[in-house]
*Asks:* 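This structure is in structure tokens; I'll ask about it shortly.
So that the names make sense, note that chain A is the first sequence line, chain B the second, and so on, each numbered from 1. Quick caveat, the model's predicted, so the values are computed rather than measured.
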Number of protein chains: 2
Amino acid sequence: MRLVVARCQVDYAGRLTAHLPMATRLVMVKNDGSVLVHSDGGSYKPLNWMSPPCKVVEGTGEDGVAEWLVTGREGDTLRILLADVLHDSAHDLGVDPGLQKDGVERHLQELLADHPATLGEGLSLVRREFPTAIGPVDLMCRDPQGGSVAVEIKRRGEIDGVEQLTRYLELLNRDPTLRPVRGIFAAQEIKPQARVLATDRGIACAVVDYDALRGMDDPAERLF
Amino acid sequence: MRLVVARCQVDYAGRLTAHLPMATRLVMVKNDGSVLVHSDGGSYKPLNWMSPPCKVVEGTGEDGVAEWLVTGREGDTLRILLADVLHDSAHDLGVDPGLQKDGVERHLQELLADHPATLGEGLSLVRREFPTAIGPVDLMCRDPQGGSVAVEIKRRGEIDGVEQLTRYLELLNRDPTLRPVRGIFAAQEIKPQARVLATDRGIACAVVDYDALRGMDDPAERLF
DNA sequence: ACGTTGATTTCGTAA
DNA sequence: TTACGAAGTCAACGT
């Protein structure tokens, strides 16, 4: 990895065109050739960048100003003019062992599979990841009357999730051994527009309390 | 901005928990206190990070190993153990003038609002961002026969956009004062699958020439 | 190789 | 301030 701190101007041309006026920034060049231009604020997203695979050609423009031309796979280009180089160093980082995660949507699905009744009175689990031709339904349950209930789980409930559940329900309701199948859209938070669409399609909405579920799951974390 | 290259171990606890084993990486500390941990590959997204506003406390753990504790607003924490520091430098970057973009969907919508006839013979604009219960339709137009036409605009036309327009049309066609409403799916580029789906649903596709539109908009940019 | 789905998404804009 | 959609989204996973 190479780190360059310099006054620079950056121009990108690809799916869009973007321009950064001359200012002092960090230019990071990774081992695979990818380039990131960071300022001293914002979030983790660079001001401008080129994703791998790409190629960097270092040249010299007018007035002896260094010019880097980065070319991507789809013909997009990033041009960097380096006016004053304040720092330039290279480092051998080796291969990273990678990130280990825990606590994402998968976890929410596991908790709800253990406590399906929190989604609706008397619901019991049939199976998780119930297979269909267009992908697995998060949870398949049964209600006290013996009816089938398909559950789609999201961390944040938006319109896309309702669409997804709608597709599952359409398919499942063609199966005479399951029909009729109703749907529950479960999420930690449900956006108003998603709720409108779900209600319009006869899909119930369930807001899930992740911490409460975790408490039910692990008695040690209960408060009483 | 401070740049540290070091063998380090990183642990995050917040909305999820994440762990990075000991390895050599770049740790970037921005002026607002935000921290980014980058490896030498991947994309522009760091392996781990803390978004501003946050606070960094440098301490010393067992065996004299440096330990940084980064605390975010929502009580999430990032703990960094620095075993071997290979590089450590600080740089004053100042405030960045910011990025200028061009060519996004908004601009395309403005241009098409000014020239609706490029979408279909004799079309005229009723209004941009025509409101519905599930969100605004990009353009609402009227054809020479007085029929309503809903237009969904994308830079790249994919299946999601067709689904979106379908939802609008379904809703709009329930309104007796508008009915019947037909749809046009407009984009700079339309993926084959999206075109198939649109056609199947009786939605017309319009491929938009951004440069030509811009030329119509600004006579100075015309080539002839 | 391609499509689908999730994300500590981030970022902008309009209500 | 909030809420929503778009992103040069990226990345993991299944077909």
*Asks:* Restricting to salt bridge (charged side-chain N to carboxylate O under 4.0 Å, His left out), what partner residues turn up for B:Asp88, sequence neighbours left out?
*Replies:* B:Arg2

*Asks:* Just how far, in rounded Å, is C1' of D:dC10 from CE of A:Met50?
*Replies:* 16 Å

*Asks:* Between D:dA7 and C:dA7, how far apart are the two C1' atoms, rounded to whole Å?
*Replies:* 13 Å

*Asks:* Return a table of donor-acceptor pairs under 3.5 angstrom between the side chains of residues 15-24 of chain B and protein atoms on other chains or two or more places apart.
*Replies:*
residue : atom : partner : partner atom : Å
B:His19 : ND1  : B:Asp11 : OD1          : 2.6

*Asks:* With sequence neighbours excluded, what pairs up with A:Trp49 under the ring-ring contact (aromatic ring centres under 6.0 Å, His included) test?
*Replies:* B:Tyr44

*Asks:* Could you state the CD-C1' distance from B:Gln100 to D:dG8, rounded to the nearest angstrom?
*Replies:* 17 Å

*Asks:* Expressed as a whole number of angstroms, how long is the span from A:Gln109:CD to C:dG6:P?
*Replies:* 10 Å

*Asks:* Polar atoms only, N or O, under 3.5 Å: list the protein pairs with nucleotides 12-15 of chain D and their distances.
*Replies:*
none

*Asks:* Measure from CZ on A:Arg73 to C1' on D:dG8 and round the result to the nearest Å.
*Replies:* 15 Å

*Asks:* On a whole-Å scale, what distance lies between the C1' atoms belonging to C:dT5 and C:dT9?
*Replies:* 13 Å

*Asks:* With the criterion being N/O to N/O and under 3.5 Å, what pairs connect the protein with nucleotides 1-5 of chain D, and how long is each?
*Replies:*
residue : atom : partner  : partner atom : Å
D:dC4   : O3'  : A:Gln193 : OE1          : 3.1
D:dG5   : OP1  : A:Gln193 : OE1          : 2.4

*Asks:* So, OP1 or OP2 of C:dA7: does either fall under 4.0 Å of a side-chain N or O from A:Arg155?
*Replies:* yes

*Asks:* Using the side chain to side chain donor-acceptor pair (under 3.5 Å) criterion, which residues pair with A:Glu105? Sequence neighbours excluded.
*Replies:* none

*Asks:* Would you kindly give the CG-to-C1' distance between A:Asp96 and D:dA11, to the nearest whole Å?
*Replies:* 15 Å

*Asks:* Can you name the salt bridge (charged side-chain N to carboxylate O under 4.0 Å, His left out) partners of A:Arg179, sequence neighbours left out?
*Replies:* none

*Asks:* So which of B:Asn48, B:Thr77, B:Asp76 actually passes side-chain hydrogen bond (donor to acceptor under 3.5 Å, both in side chains) with B:Tyr12?
*Replies:* B:Asp76

*Asks:* Any ion pair linking A:Glu158 and A:Arg156 (charged N to carboxylate O, less than 4.0 Å)?
*Replies:* no

*Asks:* Go through the structure and list residues passing side chain to side chain contact (heavy atoms under 4.5 Å, CB included) with A:Ala198, not counting sequence neighbours.
*Replies:* A:Val162, A:Ile203, A:Cys205

*Asks:* List for me each residue that meets side chain to side chain donor-acceptor pair (under 3.5 Å) alongside A:Tyr168, sequence neighbours excluded, and say none if there are none.
*Replies:* none

*Asks:* Quick one: salt bridge (charged side-chain N to carboxylate O under 4.0 Å, His left out) partners of A:Asp40, sequence neighbours excluded?
*Replies:* none

*Asks:* If I take atom CG in residue A:Asp160 and atom C1' in nucleotide C:dT5, what distance separates them, rounded to the nearest angstrom?
*Replies:* 10 Å

*Asks:* What string of B, S and - do you get for nucleotides 10-15 of chain C, 5' to 3', when a contact is any protein heavy atom under 4.0 Å?
*Replies:* SS--S-

*Asks:* Taking only residues two or more places apart in sequence, or in another chain, which ones meet B:Asp32 in a salt bridge (charged side-chain N to carboxylate O under 4.0 Å, His left out)?
*Replies:* none

*Asks:* I need the CG-P distance between B:Leu16 and C:dT9, as an integer number of Å.
*Replies:* 8 Å

